[in-house]
Protein chains: 2
Amino acid sequence: MFLLNVAQRRLQRWMAARSPHGGVTAAQSGLLFVLGQRDGALMGEAGAALDLGPPGISGLVDRMTAANLIERRADPDDGRAWRLWLTPAGRAAMAQSKAGLADVNARLTEGFTDAEIDVVARWLTTMQSRFPKGEDE
Amino acid sequence: MFLLNVAQRRLQRWMAARSPHGGVTAAQSGLLFVLGQRDGALMGEAGAALDLGPPGISGLVDRMTAANLIERRADPDDGRAWRLWLTPAGRAAMAQSKAGLADVNARLTEGFTDAEIDVVARWLTTMQSRFPKGEDE
DNA sequence: TCAATTTATTTCGCACGCGAACTATCTAGG
DNA sequence: CCTAGATAGTTCGCGTGCGAAATAAATTGA
């Protein structure tokens, strides 16, 4: 069960090590992908897509805004909300990350049959419902 | 591929939520287990067992020492090294964590056959060699 | 013996994300 | 219209772990 922890960390570490170019981390590329599919999303929406709580996105957005990858613009219909938009630099970084992703995914599935990968994917997905955010027992 | 990240975070979050008792976190219980099997380990050894770099353990040990779970004692044969020992409180916390672990593992494997779990375990383990610490390509 | 190197650990600055508490805005109810 | 609650984000303090640079002790070599 510590396997999961270690595996995740290994992957993260490896990804961090091989992409020092523009400083786009794994978490950041996640948000880039989300905005690539739904530019102008609310922070809450983006957070839900990435399974992050409010503080998680807030910080991520802060860092990415500072890095000039995304922009925070007020929602015209709701004074509390902000919408997130990719900058040109962000769009470029996303394209680059997308290319890298294929590589990583290939490496993740290498040596396993489709059926096996299917089992793994199902297990990971199941875990999300098995360990819910809110309640327990 | 973000699945892994999310799954790990979910698990971590869930474990954190359900054990506010003594403040023993997942990372900390990991170290407790290591010391349970090899009390008096060097920091480097413990780090290797948990797949943590030097800064990782150093910080973990600091926090756990402050919480009175473990003790840092100088190695008599090597002036640079420290050996880690469980305190009585640490030993108690370990026993408690061990009990909880069975629960978590049961929940992790629930709904999957032994063969399937085997595939998952193999996949997680393989990832460790697939994404090595040091070098690349 | 005395540098040069290796090894064990610490420190620093960073990214990440959580829970809790807070602010500001929007929406209902009376 | 005005107060009560829901909703969107922010801030704070914490734990976690990384890479890079520093410190200190041990080992190796000339």
Side-chain angles (χ1 to χ4, degrees), chain A residues 2 5-20 22-31 41-48 50-67 69 72-84 131 133-134, chain B residues 2 5-20 22-31 41-48 50-67 69 72-84 131 133-134:
Chain A
F2 290 105
N5 189 323
V6 171
Q8 197 271 342
R9 211 130 37 65
R10 267 271 166 74
L11 175 59
Q12 206 87 19
R13 192 192 294 158
W14 184 82
M15 287 184 52
R18 88 186 312 250
S19 57
V24 183
T25 68
Q28 295 182 6
S29 71
L31 182 49
L42 293 175
M43 292 188 56
E45 290 170 354
L50 297 171
D51 196 48
L52 293 180
I57 332 217
S58 196
L60 190 56
V61 167
D62 282 352
R63 289 185 295 271
M64 290 177 73
T65 300
L69 293 168
R72 217 196 299 243
R73 287 208 284 259
D75 184 310
D77 297 334
D78 191 334
R80 310 163 279 183
W82 297 87
R83 293 194 172 272
L84 304 174
F131 298 97
K133 308 183 71 147
Chain B
F2 291 104
N5 190 320
V6 171
Q8 197 271 341
R9 210 130 35 66
R10 268 272 166 73
L11 175 59
Q12 207 88 19
R13 194 190 294 158
W14 184 82
M15 286 184 51
R18 89 188 308 257
S19 58
V24 183
T25 69
Q28 295 181 7
S29 71
L31 181 49
L42 293 175
M43 292 188 55
E45 289 170 356
L50 297 171
D51 196 49
L52 292 180
I57 332 233
S58 196
L60 189 57
V61 168
D62 282 352
R63 290 185 294 270
M64 291 177 73
T65 301
L69 293 167
R72 216 196 298 246
R73 287 209 284 258
D75 184 309
D77 297 336
D78 191 335
R80 312 164 279 183
W82 298 87
R83 293 192 172 273
L84 304 175
F131 299 96
K133 307 184 69 146

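Any value given below was found using the heavy atoms of this structure, including those in side chains, with hydrogens, waters and symmetry copies removed. Naming convention: chains lettered A, B, ... in sequence-line order (proteins, then strands); numbering from 1 in each chain.
Separating the CD atom of E45(A) from the C1' atom of dG9(D) is a distance of 14 Å, rounded to the nearest angstrom. Between the CZ atom of R72(B) and the C1' atom of dA8(C) there is a distance of 12 Å, rounded to whole Å. One interatomic measurement links the two molecules: CG of D77(B) to P of dA8(C), which rounds to 14 Å at whole-angstrom precision. Rounded to an integer number of Å, the gap from M43(A) CE to dT25(C) C1' is 16 Å. Nucleotide dA8(D) holds its P atom 12 Å from the CD1 atom of I57(A), rounded to whole Å. Regarding R13(B), its CZ atom lies at a distance of 11 Å from the C1' atom of dG19(C), rounded to whole Å. If you take CD of Q8(B) and P of dC18(C), they are 11 Å apart, rounded to a whole angstrom. The nearest whole Å value for the distance from the CH2 atom in W82(B) to the P atom in dT23(D) is 18 Å.
Of the candidates dT10(C), dT10(D), dC26(C), the closest approach to any side-chain atom of D78(A) belongs to dC26(C). Among the nucleotides dT10(D), dT11(C), dT9(C), the one closest to any side-chain atom of P55(B) is dT11(C). Listed nucleotides dC18(C), dT9(C), dC18(D) differ in distance to L52(A); the shortest reach to its side chain belongs to dC18(C).
Applying the 3.5 Å distance criterion, the base of dT9(C) shares no donor-acceptor pair with the side chain of R80(B).
When heavy atoms are screened at a 4.0 angstrom cut-off, G59(B) is found touching no nucleic acid atom at all. Using a 4.0 Å heavy-atom cutoff across all strands shown, Q28(A) reaches sugar-phosphate atoms only and no base atom.
S58(A) has a side-chain polar atom (N or O) that falls below the 4.0 Å cut-off from OP1 or OP2 of dT10(D). Residue R9(B) places at least one side-chain N or O closer than 4.0 Å to OP1 or OP2 of dC18(C). Using a 4.0 Å cut-off, no side-chain N or O of R83(A) falls inside it from OP1 or OP2 of dG9(D). Residue R63(B) places no side-chain N or O under 4.0 Å from the OP1 or OP2 atom of dG15(D).
Side-chain contact between L50(B) and I57(B) is absent, with no heavy-atom pair separated by less than 4.5 Å. Looking at heavy atoms from C-beta onward, R63(B) lies out of side-chain contact with L69(B) at the 4.5 angstrom threshold.
With rounding to the nearest 0.5 angstrom, the CG atom of D51(A) is 5.5 Å from the CZ atom of R9(B).
When each of L60(B) and A41(A) is assigned the nucleotide of DNA chain D bearing its nearest heavy atom, the one mapping closer to the 5' terminus is A41(A). Along DNA chain C, the nucleotide nearest to G79(A) and the one nearest to G56(A) differ in position, and the one closer to the 5' end is contacted by G56(A).
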* **Stepwise side chain to side chain contact (heavy atoms under 4.5 Å, CB included) test for M64(B) and V24(B)** => CA-CA 9 Å; M64(B) 291 177 73; V24(B) 183; over 6 Å; no

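Checked by atom type and distance alone, the side chain of T65(B) pairs as donor or acceptor with a backbone atom of V61(B) at under 3.5 Å.
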